[in-house]
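The figures here come from the full heavy-atom set of this structure, side chains too, leaving out hydrogens, waters and symmetry mates.
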Amino acid sequence: KKLLLLALCATATNLQAQTKKELTQHYESYYQAMRKQADVQGIINALTHLNVLAPDLLRRDTLAYVYASNNQHIQALNTLGIEENEADSDLAIQVKASSLKAIGQLPRALAQYNLLSKRKPSPYLVYEMADLNIQLGKDNMALLLIEQGMAQAGEEMKYAFYERQEPYEVSLKAAFLYLKGLATFNKNKEEVAQAIALLDEAIGMAPNFNLAQLSKQALAQRKVEEN
């Protein structure tokens with residue numbers, strides 16, 4: 001009886017392992033098919049099943065990235081957590097930073113961008129940190145970062161904006177000038193003319209810069225009302 005019981009247990013274990021292997025292969029094939037078809041929900045379903053069957057940090061980070069790319073930021077953060085973790089991959093930190101920013105957790109987002117910037121310095125990361133510092137009322141730090149970013153930004157570098165129905169790109173240097181205008185005004189509300197001049201400079205570099213034009217109009221209106 002003991003031998004029979006052991007044989008049955010061994011058979012059950014082998015069947016379970018075989019079934020798990022078959023399921024993993026199935027969802028790997030399903031994942032590739034969903035990628036080929038650009039089916040986002042299918043990709044999410046496949047990666048979720050694969051992470052249950054065969055937990056893997058790269059798959060986890062990829063799943064979080066897909067969630068974030070689909071504006072499912074809470075799901076992305078639930079997948080990764082929100083803590084600062086030196087062991088995280090660059091992709092995980094990037095997703096945490098962008099998703100925390102998207103849901104308004106600005107101090108936490110800034111901490112993640114700082115962590116990523118230490119690993120992979122980039123004027124794009126400097127821009128994000130400057131923008132967050134402005135939103136947090138840290139205009140002096142923002143202005144320091146803006147000068148740093150403008151010195152690093154290449155002529156060919158672009159930054160995308162999405163406030164209009166049709167997204168558009170401007171040069172990264174123009175984007176930094178826009179931030180400089182905002183930070184200059186926020187730091188000293190008397191500096192309206194200087195802030196407008198900086199926005200004009202940004203618009204001169206990028207005539208399609210809708211957000212800078214809107215900000216300039218708002219500041220110009222404020223100047224008229226004050227006079």
Side-chain angles (χ1 to χ4, degrees), residues 65 68 73 76-77 80 82-86 88-163 167-216 218-219 222:
Y65 175 78
H73 298 291
L77 293 169
L80 294 174
I82 61 173
E83 300 80 10
E84 291 177 61
N85 188 347
E86 292 284 351
D88 276 342
S89 69
D90 293 346
L91 180 59
I93 298 172
Q94 178 186 329
V95 171
K96 284 183 180 181
S98 60
S99 290
L100 286 164
K101 181 180 178 181
I103 66 170
Q105 293 290 318
L106 304 188
R108 290 182 181 275
L110 183 57
Q112 297 291 340
Y113 278 119
N114 278 321
L115 185 57
L116 188 58
S117 184
K118 290 175 185 176
R119 294 187 187 183
K120 300 177 70 175
S122 158
Y124 291 103
L125 293 175
V126 174
Y127 181 92
E128 297 298 342
M129 291 188 291
D131 183 26
L132 286 168
N133 273 286
I134 289 172
Q135 294 184 58
L136 290 167
K138 300 177 180 180
D139 298 300
N140 286 327
M141 177 56 72
L143 287 166
L144 288 173
L145 288 165
I146 288 164
E147 293 304 319
Q148 176 188 332
M150 289 188 70
Q152 296 174 356
E155 296 295 332
E156 76 289 351
M157 293 181 176
K158 304 289 184 182
Y159 192 87
F161 289 87
Y162 299 91
E163 86 279 358
Y168 62 95
E169 287 186 334
V170 304
S171 73
L172 184 56
K173 286 191 174 183
F176 273 118
L177 282 169
Y178 160 72
L179 287 187
K180 189 173 182 179
L182 296 185
T184 298
F185 173 74
N186 288 344
K187 183 180 176 182
N188 184 354
K189 300 297 190 289
E190 305 262 323
E191 298 288 353
V192 179
Q194 186 181 349
I196 290 175
L198 288 164
L199 293 173
D200 274 334
E201 192 177 346
I203 293 165
M205 294 178 68
N208 66 324
F209 202 162
N210 181 65
L211 195 56
Q213 291 170 353
L214 293 174
S215 298
K216 177 188 171 182
L219 289 179
R222 179 188 177 96

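- From S117, atom OG reaches atom CD of Q112 across 13.0 Å, with rounding to the nearest 0.5 Å.
- Judged as a salt bridge (charged side-chain N to carboxylate O under 4.0 Å, His left out), the pairs with a partner in residues 131-143 (not counting sequence neighbours) are, in order, K101-D131.
- For Y113, there are no ring pair (Phe, Tyr, Trp, His ring centres under 6.0 Å) partners, not counting sequence neighbours.
- The side-chain hydrogen bond (donor to acceptor under 3.5 Å, both in side chains) test applied to N114 returns no partner, not counting sequence neighbours.
- Atom CG of L91 and atom NZ of K96 lie 11.5 Å apart (nearest 0.5 Å).
- In plain terms, the two heavy atoms of Q213 and P207 that are nearest each other are NE2-O, 2.8 Å.
- Annotation: side chain to side chain contact (heavy atoms under 4.5 Å, CB included) contacts of L144 (sequence neighbours excluded): none.
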Start with the C-alpha gap between E86 and L115, add the side-chain angles, then the distance that decides, and say whether side chain to side chain contact (heavy atoms under 4.5 Å, CB included) holds. CA-CA 8 Å; E86 292 284 351; L115 185 57; 3.4 Å; yes
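- A search for ring pair (Phe, Tyr, Trp, His ring centres under 6.0 Å) contacts involving Y159 returns Y127, F161, not counting sequence neighbours.
- Shown here are the side chain to side chain contact (heavy atoms under 4.5 Å, CB included) partners of A111, two or more places apart in sequence or in another chain: E84.
- When all heavy atoms of L125 and K120 are compared, the closest pair comes out as CD1-O, 3.2 Å.
- Separation of atoms CG (L199) and CG (L214) is listed at 10.5 Å; rounding is to 0.5 Å.
- For K216, the salt bridge (charged side-chain N to carboxylate O under 4.0 Å, His left out) partners are D200, not counting sequence neighbours.
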Steps toward side chain to side chain contact (heavy atoms under 4.5 Å, CB included) verdict (E163, Y168): CA-CA 9 Å; E163 86 279 358; Y168 62 95; 2.6 Å; yes
Table please: side-chain donor-acceptor pairs of residues 176-187 below 3.5 Å, with sequence neighbours left out.
residue, atom, partner, partner atom, Å
K180, NZ, E147, OE2, 2.8
T184, OG1, K180, O, 2.7
N186, ND2, L182, O, 3.4
K187, NZ, N140, OD1, 3.0

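- Minimum heavy-atom separation, A109 to A97: CB-O, 3.5 Å.
- With hydrogens and angles disregarded, no donor-acceptor distance shorter than 3.5 Å links the side chain of E128 to the backbone of L110.
- Remark: E155 engages K173 in a salt bridge (charged side-chain N to carboxylate O under 4.0 Å, His left out) (not counting sequence neighbours).
- Across A202 and A174, no two heavy atoms sit closer than the pair CB-O, 3.5 Å.
- Residue pairs that meet the ring pair (Phe, Tyr, Trp, His ring centres under 6.0 Å) test with at least one member in residues 134-155, sequence neighbours left out, do not exist here.
- When the side chain to side chain contact (heavy atoms under 4.5 Å, CB included) test is applied to A92, the partners found at least two apart in sequence or on another chain are R60, D61, L80, D88, S89.
- With sequence neighbours excluded, no residue satisfies side-chain hydrogen bond (donor to acceptor under 3.5 Å, both in side chains) with N208.
- Side-chain contact between Q105 and I82: absent, with no pair of heavy atoms (C-beta onward) separated by less than 4.5 Å.
- Note that CE of M157 is 13.0 Å distant from CD of E169, once rounded to the nearest 0.5 Å.
- S98 places a side-chain N or O within 3.5 Å of a backbone atom of V95 that can act as its donor or acceptor partner.
- With a 6.0 Å radius and a threshold of 12 heavy atoms from other residues, nucleotides or ligands, M141 has its CE atom at or below the threshold.
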